[in-house]
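Everything below concerns the one structure shown next.
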Amino acid sequence: MDRVTAAWIYDTLAEHYPDACTPLPFFHSPFQVLILTILSAQTTDQAVDKIRPALFARYPTPADLAAADVHEVEKIIHSTGFYRVKARHIISTAAMLVNRFGGTIPSTMEELLLLPGVGRKTANILLFHALGINAGIAVDTHVKRLAGRLGLTTRIEQDLIEQDLMNLYPQERWGDLTDIMIAHGRRCCTAINPHCGVCPVSNVCPFYQQTR
DNA sequence: ATCCCGAGGG
DNA sequence: CCCTCTGGAT
């Protein structure tokens, strides 16, 4: 894949998903972004958005959440799935913010990975959305599938796919690229029955040429 | 019925 | 590496 085509794909998709890069509004505090990002695993934005007001009305600060009753948290976040695990994680994370990071959220990958419920993917998205840092490209199943179909990479391992994409795009686009590819993977380039007929980049897509 | 803006544990 | 944890969207 050459950079000219890769850049065109980025521009075209970016225009097509103008809201893809700001799933978590700016008025949320870094603390809220952190908690909401942990809760976002394996669920939808709508599900997280639905419980957000109740959650932060009850636990406005890390100290409040650290002292929370786990069953009460479970009840509030129930609709986001994995609620028992997530309830434990966000309470423990809040406690760690208070005890180790002075109530603020850490700004490096290494420190973020110490937080319960924060793995590689969440840390990556978090660095971008809470802190504006383009630390890398979060390669999930959507990005993996989309990058493969578009011919942006021929690799299988997610680390190598990330390297290919990072080589293809300048660092200041990594965060946006993650969001754009996830949005397109979810809304158009789906695993089964992809909507190639309305896909804005199908004209340069090897997968589309091969299946038509 | 299947998959997911995963992470932790064995 | 494989398993589990969960609801919701499609």
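Naming convention: chains lettered A, B, ... in sequence-line order (proteins, then strands); numbering from 1 in each chain. Everything quoted here is computed from the prediction, not taken from an experiment.
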* Could you state the CG-P distance from A:Leu126 to B:dG6, rounded to the nearest angstrom? -> 13 Å
* Asked: When the distance from NZ of A:Lys121 to P of B:dG6 is rounded to whole Å, what number comes out?
  -> 5 Å
* For A:Ile90 and C:dT6, give me the distance from atom CD1 to atom P, rounded to whole Å. => 14 Å
* Structure fact -> Residue set satisfying ring pair (Phe, Tyr, Trp, His ring centres under 6.0 Å) with A:His78, at least two apart, ordered chain then number -> A:Tyr83
Report each atom pair, protein N/O against N/O of nucleotides 8-10 of chain B, whose distance is under 3.5 angstrom.
{"unit_1": "B:dG8", "atom_1": "OP1", "unit_2": "A:Gly117", "atom_2": "N", "d": "2.8"}

* **Electrostatic pair A:Arg186-A:Asp140, nearest N-O below 4.0 angstrom** => no
* Asked: For the pair made of NZ in A:Lys144 and P in B:dC4, what is the distance, rounded to whole Å?
  -> 10 Å
* Quote, to the nearest angstrom, the P distance that separates B:dG8 from C:dG8. => 23 Å
* Expressed in angstrom and rounded to an integer, what is the separation of A:Arg88 atom CZ from B:dA7 atom P? -> 15 Å
* Inspect the contact between A:Glu162 and A:Arg120 and indicate whether a charged nitrogen and a carboxylate oxygen are less than 4.0 angstrom apart. => yes
* Asked: Any side-chain heavy-atom pair from A:Thr80 and A:Ile77 closer than 4.5 angstrom?
  -> yes
* Asked: Got a second to check how far A:Cys199's SG is from A:Leu13's CG, nearest 0.5 Å?
  -> 7.0 Å
* Asked: NA contact type, A:Thr178, heavy-atom cut-off 4.0 Å: base, sugar-phosphate, or nothing?
  -> nothing
* Provide, to the nearest angstrom, the distance between the CG atom belonging to A:Asp159 and the C1' atom belonging to B:dG6. => 15 Å
* Structure fact -> Sorted by chain and number, sequence neighbours left out, side chain to side chain contact (heavy atoms under 4.5 Å, CB included) with A:Ala6 holds for A:Met1, A:Leu152, A:Leu168, A:Tyr169
* To do: Mark yes or no: A:Arg149 above the aromatic ring of A:Tyr208, with NZ or CZ under 6.0 Å from the six-membered ring centre and no more than 45 degrees from the axis.
  => no
Between the protein and nucleotides 7-10 of chain C, which nitrogen or oxygen pairs are less than 3.5 angstrom apart?
{"unit_1": "C:dG7", "atom_1": "OP1", "unit_2": "A:His78", "atom_2": "NE2", "d": "3.1"}
{"unit_1": "C:dG7", "atom_1": "O3'", "unit_2": "A:Ser79", "atom_2": "O", "d": "3.4"}
{"unit_1": "C:dG7", "atom_1": "N2", "unit_2": "A:Gln42", "atom_2": "O", "d": "2.9"}

* **Rounded distance in Å - CZ (A:Arg145) to C1' (B:dC4)** => 10 Å
Output a table of donor-acceptor pairs, distance under 3.5 Å, between side-chain atoms of residues 53-71 of chain A and any protein atom two or more places apart or on a different chain; print 'none' if there are none.
{"unit_1": "A:Arg58", "atom_1": "NE", "unit_2": "A:Glu72", "atom_2": "OE2", "d": "2.3"}
{"unit_1": "A:Arg58", "atom_1": "NH2", "unit_2": "A:Glu72", "atom_2": "OE2", "d": "2.5"}
{"unit_1": "A:Thr61", "atom_1": "OG1", "unit_2": "A:Ala63", "atom_2": "N", "d": "3.4"}
{"unit_1": "A:Thr61", "atom_1": "OG1", "unit_2": "A:Asp64", "atom_2": "N", "d": "3.1"}
{"unit_1": "A:Thr61", "atom_1": "OG1", "unit_2": "A:Asp64", "atom_2": "OD2", "d": "2.8"}
{"unit_1": "A:Asp64", "atom_1": "OD2", "unit_2": "A:Thr61", "atom_2": "N", "d": "3.1"}
{"unit_1": "A:Asp69", "atom_1": "OD2", "unit_2": "A:His71", "atom_2": "N", "d": "3.3"}
{"unit_1": "A:Asp69", "atom_1": "OD2", "unit_2": "A:Glu72", "atom_2": "N", "d": "3.0"}

* **Gap between atoms NZ and P, on A:Lys86 and C:dT4 respectively (whole Å)** => 19 Å
* To do: Output all residues satisfying side chain to side chain contact (heavy atoms under 4.5 Å, CB included) with A:Ser79, sequence neighbours left out; order by chain, then residue number.
  => A:Lys50, A:Ile51
* Does the side chain of A:Arg84 get closer than 4.0 angstrom to OP1 or OP2 of C:dT6 through an N or O atom? -> yes
